[in-house]
**Q** 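Once you've had a glance at the structure underneath, I'll fire off some questions.
Numbered from 1 within each chain, the chains take letters A, B, ... in sequence-line order.
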Amino acid sequence: MSLMDNLPVLVVILPLLATPLVLLLGGFGRAWAIATVACWVTLAATAALLQRVSVEGPVSYRLGNWAPPWGIEYRIDLMGAYVLLIVVAIAALVLVFARQSVEKEITAERRVPFFAAYLLVVAGLAGITVTGDAFNLFVFLEISSLASYALISLGRDRRALTAAFQYLVMGTIGATFFIIGVGFLYMMTGTLNMMDLAERLPEVADTRMVRAAFAFIVVGLGLKLALFPLHMWMPDAYAYSPSVVSALLAATASKVAVYALLRFLFTIFGLEFALGDVPLDLLLMALGLIGILFASLVAVFQENVKRMLAYSSVAQIGYIVLGISLANTTGVTASILHLFNHALMKGALFLALGAVVYRIGSARIQDFHGLGYKMPWTMAGFVIGGLSLIGVPPTAGFISKWFLVTATLEQNLWPVAVVVLVGSILALIYVWRVVEAAYFIKPASQGIDQAGDVSEAPLSLVLPVWVLAAANIWFGIHTDLSLGIATRASAALLGGAP
Amino acid sequence: MIEIGHYNYWVAIFLMMAGFYVVIAQGNLVKKLVGLSLFQTSVFILYISMGKVADGAPPIQTPGVEIYSNPLPHVLILTAIVVGVATTAVGLALVVRIRESYGTVEEEEIHAMAQPADEKGEG
């Protein structure tokens with residue numbers, strides 16, 4: 001029973017405690033095993049937590065038994081538990097994939113620290129979703145970011161180093177903006193607890209200080225989630241990092257940043273202030289739309305598939321932000337749903353790509369020639385992920401696009417709906433380029449160097465790809481879990497109910 | 001509060017902008033990190049100065065003292081300083097490895113080296 005009571009803190013502590021274990025016990029196999037066990041146990045705890053939140057409503061946990069608002073409170077509502085589930089589930093699946101992929105892509109002496117940093121990322125991201133304290137959120141944000149800078153720098157290409165450095169500079173500026181904003185809020189209200197902030201903010205909302213705090217927080221989080229003009233770090237970081245890291249970060253890190261943005265916009269500042277008094281809805285909509293068009297267009301012209309998927313991620317963030325900017329229940333539901341579905345599709349795509357890199361050592365489109373026949377399972381997984389990315393009906397991507405278009409039409413914003421559809425067509429083009437290379441071009445033309453002995457990737461690589469690909473279809477047909485929770489979470493966010 | 005005006009904020013803003021400028025304008029990666037550190041430090045000062053309560057004594061319980069300054073921002077900043085140190089450490093470690101593989105820490109030279117390789121675009 002007491003274990004159940006401590007679930008909120010366990011999901012953070014398990015990966016955190018496993019980190020020194022990985023380093024102390026050492027050895028590649030053992031490090032991998034510890035990390036994997038830790039993540040899967042955390043996943044079990046997360047599932048139990050989601051179940052409990054879904055039945056009982058928000059769970060509050062007093063850290064060190066200090067009563068909020070003085071002590072740090074962990075507060076998990078439906079949205080938090082939902083995002084936590086995405087993060088931990090993807091992290092656990094990617095670890096299954098990681099054993100062979102890491103062995104191939106990362107030099108021997110860096111493999112053990114790799115798993116330590118990996119666990120730190122998971123702990124940090126999990127912490128963001130469970131914490132109910134604004135400053136604590138900053139600390140977890142930095143734990144996960146610092147560890148992800150280290151992970152990105154482990155890429156084989158030396159450009160991974162500069163990409164990690166660029167991300168470090170941008171990420172630190174973002175996090176610093178975020179604490180400036182939190183500091184301003186503390187000055188005005190004298191509290192850091194999110195619930196307490198939400199209660200006290202309306203009294204002082206009409207001050208320049210609070211508006212400045214709002215601006216700092218939105219820009220800071222915008223940098224972290226790679227909102228359109230602040231996305232510059234993302235393509236390089238995803239393109240040059242090890243395959244496992246691209247998959248983990250693309251599927252989880254930006255999602256958690258979106259979660260933090262939703263939390264601040266709706267729970268703390270409240271819908272009326274965030275999207276009413278301040279014209280943020282127009283700004284977010286404009287940036288979301290430009291992001292969709294620009295990033296999708298750039299993605300079409302990429303020669304490196306990894307970089308193409310990274311630009312596609314920027315576009316997908318555009319869809320999510322667009323849903324938020326609509327500020328109605330359907331729009332926010334679409335955003336939360338796309339959060340979930342995008343994690344599934346990008347997880348599947350980046351992992352499939354990781355399996356390709358494992359076999360042929362390249363992510364360039366021209367090296368994909370004929371792969372559809374040599375690695376049928378991997379490429380089929382890639383195609384399903386791609387279909388979901390485009391938004392073809394029986395896949396999860398269709399559901400979130402459908403809701404997004406419905407939400408725009410609800411407000412008679414048909415030009416916006418047109419942009420969403422154009423974005424899907426652009427996605428069709430860039431996914432098609434890979435499919436064409438893999439299935440319709442004879443490998444003899446260019447890829448002679450590795451044409452001969454390429455075979456299907458090993459089972460431990462194909463399995464996670466297929467679990468995610470199957471999830472893309474499963475959640476496209478059985479929408480109860482994903483859609484049900486997204487609807488309830490968005491209703492809770494917009495209704496102002498905690 | 002009136003006599004000192006808001007000069008503590010001016011100090012923080014000056015440091016912040018100076019740091020920010022260095023991050024943007026400098027091509028040397030180490031100098032960029034120095035700027036980043038300065039930028040973070042300005043926020044520490046912002047927080048610490050906000051803890052001061054007019055006529056408040058240091059927050060150590062003393063008989064006969066009614067008004068204390070607020071110790072909470074100091075504690076928060078203790079955490080933020082640790083984060084800042086860690087950021088600088090990771091940043092410098094990256095710079096060391098960049099220097100090892102590129103032989104320079106100047107952004108322009110690194111950029112010039114990275115560009116031709118893009119054509120081949122290794123995984």
**Q** Can you tell me how far the CD1 atom of A/Ile180 sits from the CE atom of B/Met16, to the nearest 0.5 Å?
**A** 3.5 Å
**Q** Calculate, to the nearest 0.5 Å, the distance between atoms CZ and CG belonging to B/Arg97 and A/Leu154 respectively.
**A** 6.5 Å
**Q** Select one option (side chain, backbone, both, neither) describing which atoms of A/Phe135 are under 4.5 Å from chain B's heavy atoms.
**A** side chain
**Q** Report which part of B/Val90 has an atom under 4.5 Å of a heavy atom belonging to chain A: side chain, backbone, both, or neither.
**A** both
**Q** More than 12 heavy atoms of other residues, nucleotides or ligands under 6.0 Å from NZ of A/Lys104: is that the case?
**A** yes
**Q** To check you understand the geometry: which heavy-atom pair defines the closest contact between B/Gln40 and A/Thr172, and what is its length?
**A** NE2-CG2, 3.3 Å
**Q** Do other residues, nucleotides or ligands put more than 12 heavy atoms under 6.0 Å from the CD atom of A/Glu109?
**A** yes
**Q** Does B/Tyr47 use its side chain to pair, donor to acceptor, with the backbone of A/Ile179 at less than 3.5 Å?
**A** yes
**Q** So which part of B/Phe20 gets closer than 4.5 Å to some heavy atom of chain A, the side chain, the backbone, both or neither?
**A** side chain
**Q** Can you check side chain to side chain contact (heavy atoms under 4.5 Å, CB included) on A/Thr176 and B/Leu36, steps first, answer last?
**A** CA-CA 10 Å; A/Thr176 308; B/Leu36 202 63; over 6 Å; no
**Q** Would a 4.5 Å heavy-atom cut-off, applied to side chains only, mark A/Leu192 and B/Leu76 as touching?
**A** yes
**Q** Grab the two heavy atoms, one from A/Tyr186 and one from B/Met50, that are nearest each other, plus how far apart they are.
**A** CD2-SD, 3.7 Å
**Q** When only pairs under 4.5 Å are counted, which of B/Val82, B/Val23, B/Val83 shares the most heavy-atom pairs with chain A?
**A** B/Val83
**Q** Tell me, yes or no, whether the heavy-atom count around A/Met232 atom CE, taken from other residues, nucleotides or ligands under 6.0 Å, exceeds 12.
**A** no
**Q** Crowded around B/Phe14 CZ? As in, over 12 foreign heavy atoms under 6.0 Å?
**A** no
**Q** Can you tell which of B/Thr79, B/Leu46, B/Leu29, B/Asn70 has the highest number of heavy-atom pairs within less than 4.5 Å of chain A?
**A** B/Leu29
**Q** Is B/Ile98 close to chain A through its backbone or its side chain, or both, or neither, when contacts mean heavy atoms under 4.5 Å?
**A** both
**Q** Say you draw a straight line from OH of B/Tyr102 to OG1 of A/Thr162; how long is it, rounded to the nearest 0.5 Å?
**A** 4.0 Å
**Q** If we define contacts as heavy-atom pairs under 4.5 Å, which of A/Ala150, A/Ser145, A/Ala164, A/Gly183 has the most with chain B?
**A** A/Gly183
**Q** If I compare all heavy atoms of A/Leu146 with all of B/Thr87, which pair ends up nearest, and what's the gap?
**A** CD2-CA, 3.6 Å
**Q** When rounded to the nearest 0.5 angstrom, what distance separates CD in A/Gln166 from NZ in B/Lys32?
**A** 8.5 Å
**Q** What pair of heavy atoms forms the shortest contact from B/Phe39 to A/Ile173, and how long is it?
**A** CE2-CA, 3.9 Å
**Q** So which residue, B/Ser101, B/Ala12, B/Ala80, ends up with the most heavy-atom pairs under 4.5 Å with chain A?
**A** B/Ser101
